[in-house]
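The structure appears right after this line, and notes come after that.
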Amino acid sequence: VSVSATSLVSATSVRGWDHSVTYMFTSTHLRTVSMTFSAVSPEPEADGSVLFGHLRGTVVGLRYYTGVVNRGEMVGLVRQPQNQHDRNAVMVANIYGNQVGHIKRELAAAMAYVMDNNLAKVEGVVPSGTNNSFTMPVMLSFWGKEEHKATVNEFMARRGFKLNTSGSGGATDLHIVLSFQLRNSFDNLFEGLMESKDGEKEAAKAVGTPLLPHQKQALSWMCARENKSGLPPFWEKRGELYYNSLTCFSAKEIPERVRGGILADDMGLGKTLTTIALILTNFHQGKPLPVEKCVSVAVCYFFQHLIFFTLCLNNYSSCEEASVFLEDLDFAAALGGSATDTGVKKKKTAKKATPTIGEFETTLIIAPLSVLSNWLDQFEQHVHPDVKLNVYLYYGSARNRSKKFLSSQDVVITTYNVLSADFSCKSKSPLHGIDWLRIVLDEGHIIRNPNAQTSKAVLDLKAQRRWILSGTPIQNSVKDLWMLLAFLRLKPFDVREWWNRVIQRPVTLGDRAGVQNLQTLVKCITLRRTKTSEVNGRPLVFLPEKTVCVEQVELSRTEREEYELARNEGRNTIRRYVAEGTVLRNYADVLAILMRLRQHCCHPDLLAKTLSELGAGATPAELRERLIEKLRLVLASGSDEECSVCLDSVQLPVITHCAHVYCRPCIAQVISTEQDTARCPLCRSEIKTSELVEFPQEEVEEENTPNSEKWRTSSKVHCVHCRSDSSIVIVLLFTREHGFTFVRLDGTMSQKKRTRVIQEFQSTAADSPAIMLLSLKAGGVGLNLTAASHVFLMDPAWNPATEEQCIDRCHRLGQKRKVVVTKFIVKDSVEEKMVEIQRGKQDLVEKAFGSTNSDRKTSRIDDIKALMEL
DNA sequence: ACCGCCGGGTGCC
DNA sequence: ACCGCCGGGTGCC
């Protein structure tokens, strides 16, 4: 346990505190949890640990410490190897890190061995709390890797501490604790629901663009989250104390509330505008940001100097200039939103006159490079033209690194990379030396990897208020959330151990209360609307109608014959793999078979190429070529986009010689931990770092135009020809051209080229391309293709969400026309099967929380069987 | 009595 | 700690 350094609370006497709670739960709940343990395969991660057993121990020396604990409270156990009385000492601390006592000597000696050798993690819960001032019992649970279970249990037993492994009987205390939490989480769930988010707030007058109702709601919610001093999730007032119902921790002081949260609205709902409105509307004490009025650049410049002199000389008085001054003041006040908000004068006075120059005045916005210009545009566009807002772009080698300068700005914008680069020389990073009023992380899910340098740099910033903007905050797994909570400083979850213990592990084990707590937690700090959300029966935003129709495609006689041939061949192969139990070992081959069938459905010409490439030939260069080709197929197919190590979507994809795709860092770690004979997690073939093949950086990007004279049509393509009129997006796996001006966007393109292509397509010029060929997985969610009103999905995706995302790129804010989506599905083919699997997948999304690695493997094999009708 | 018993001093690691 | 443990005072029935 790493104990949080910030001991905000020195709790005092709550000894003997009594909760009048009826224990209405039987042992069923606990049994469910324990049974789940045995079903879970051992995982290297801490949150995949298995329970070794429980042990009742004693905490001693309570009277020497101030840390106080309640009945049922979770405690941390921390080794103190430096303790001068006993190098085996194990300290007991509450959630704020305040010491409660020590584990009794003999038990501590046994635990020290186990803990120091990383054989188990030990967690504690105090069933009775502090009843007297000397000792108290503690329920210890030992968690660790399966392979250490026997060692630990034997060792402890030899020392006279027999771990209770039955899950019942002696575990009653723990069970009571669990039930306790379950009940409380129910209560809080209702509280969370009652928290109203539907008030509206008008933006300050300095915001030049009128806000839509849902944006006013968001503004109201954000202001409330910054200003109100309510209790954070899971805290309640009990008498004189504040009590956390999850950890059962209580403290005399009011727990520090997170000032900020996650704005997780769908893209297109105006997160940027709302944030700008927040900056202008909610400065100190809930008042608008004092801004300078500025009629023209020249006046503004003059005006700034005037103020400067006024304040410097203090007794400056010139009738002529004073009158200008007053006029401007009035105007500024009017812009500020109310007569008492004395724009310029107040701000400048505050800044220059008080010793706290530049403290907590500036908002720092961190965004990916690709959206920097968007922020600048939006400030330009939405800030009232007569208002001068000091926005500084902290970017480029010539950036002004003066802390004084930066903290005198209203807004500083920078990128994650710049921040991270500055952080690497931390002492010199001006960004880390400033006390920001507010930090806004745009596309905040970028920091979801806590090991990343960028994440560390972000965590180290100081601020009063913190916001995360993200359309997809937890798309992948519960794990993603931790970093966000840590950034928001949501106590106690900003400490990894507590997060794992209270949320992460229960949720991964499928514990109901855990999932509920997670939901409550998220609900309290998140505002999320989708473009289909409604307020008072009205949709949030107006979007033109969208119709989706499925077009059944009949294959021609020859196409059908070819298809059946390929299918039978493939089916035999896969049937053999299934019988041998080697489906995963031959996964690349299986994928290739499926891919071939799907290509058959789209266009016969796609095949020849792939088939010829699968021919013999084994020089290293050829092997590499083929692996790259397979990697391309895997990435394009969307069938295997998740890395089996991290279970996230693949980042920096590499392909092994056994043709399985992983994130490079993930598989590199597997190889380094397994040392001599590293094996592929999927098929157990031997793998080496030197044999990992990456996608070539810039593939021959320009024009590999195929011979158009050889081009023949296919049934599917023919269907498209019949209905092409205005600008359309054709989403497809395999890109080819015929007869239209078109642009093409796929995953292998550089960022630069993508931008150019999108600009061309979105352009209103007469000669701009009418068609975009878009590969299914290309581009981020930010892609805006509103120039198109027709979407042709040429090839079904495995994941329905992927298709949705594609459609949403053109059915989004700014779309003026009706959107027609046509999905082409070849009758009686693998494509129809895929659609069936898609339907099933949607239910699975909800269950996915609890699903394990092996579940996913099984379901993948099941999918393949279904596709091949086996 | 090289014991038992009583009662005061004392008390984490 | 309304305990246990220690060690001094004490000592038959």
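The analysis underlying the following values was restricted to heavy atoms, covering all of them including side chains, and did not include hydrogens, waters or symmetry mates.
Take Asp422(A) and apply the side chain to side chain donor-acceptor pair (under 3.5 Å) test, not counting sequence neighbours, and it matches Tyr394(A), Arg399(A).
Between Lys104(A) atom NZ and dC13(B) atom C1' the separation is 11 Å, expressed in whole Å. The nearest whole Å value for the distance from the NE2 atom in His102(A) to the P atom in dG11(B) is 17 Å. Here dC13(B) presents its C1' atom at 11 Å from CD of Glu106(A), a figure rounded to the nearest Å. Put simply, CD on Gln84(A) is 12 Å from C1' on dC12(B), counting in whole angstrom units. Atom P of nucleotide dC13(B) and atom CD of Gln82(A) are separated by 19 Å, given to the nearest angstrom. Summarising the geometry, the separation between CZ on Phe134(A) and P on dC5(C) is reported as 17 Å, rounded to the nearest angstrom. If you measure from atom CZ of Arg105(A) to atom C1' of dC5(C), you get 15 Å, rounded to the nearest angstrom.
Across all strands shown, dG11(B) is found opposite dC3(C) as a Watson-Crick or G-U wobble partner, with both distances under 3.5 Å.
Counting distance only, with no hydrogens placed and no angle test, the side-chain atoms of Asp86(A) and the base atoms of dC13(B) include no donor-acceptor pair under 3.5 Å. No hydrogens or angles were tested; on distance alone, a donor-acceptor pair under 3.5 Å links the side chain of Tyr65(A) to the base of dC12(B).
Side chains of Glu361(A) and His284(A): no donor on one and acceptor on the other come within 3.5 Å.
A salt bridge does not link Glu226(A) with Arg259(A): every distance from a Lys NZ or Arg NE/NH1/NH2 to an Asp or Glu carboxylate oxygen is 4.0 Å or more.
If you take atom P in dC5(B) and the same atom in dA1(B), they sit 16 Å apart, rounded to whole Å.
Among the nucleotides dC13(B), dA1(C), dG11(B), the one closest to any side-chain atom of Tyr64(A) is dG11(B).
Stacking between His85(A) and dC13(B) is shown: the ring centroid lies under 5.5 Å from the centre of the six-membered base ring, and the planes differ by under 30°.
Annotation: side chain of Phe249(A) is in contact with side chain of Trp235(A) (closest heavy-atom distance under 4.5 Å).
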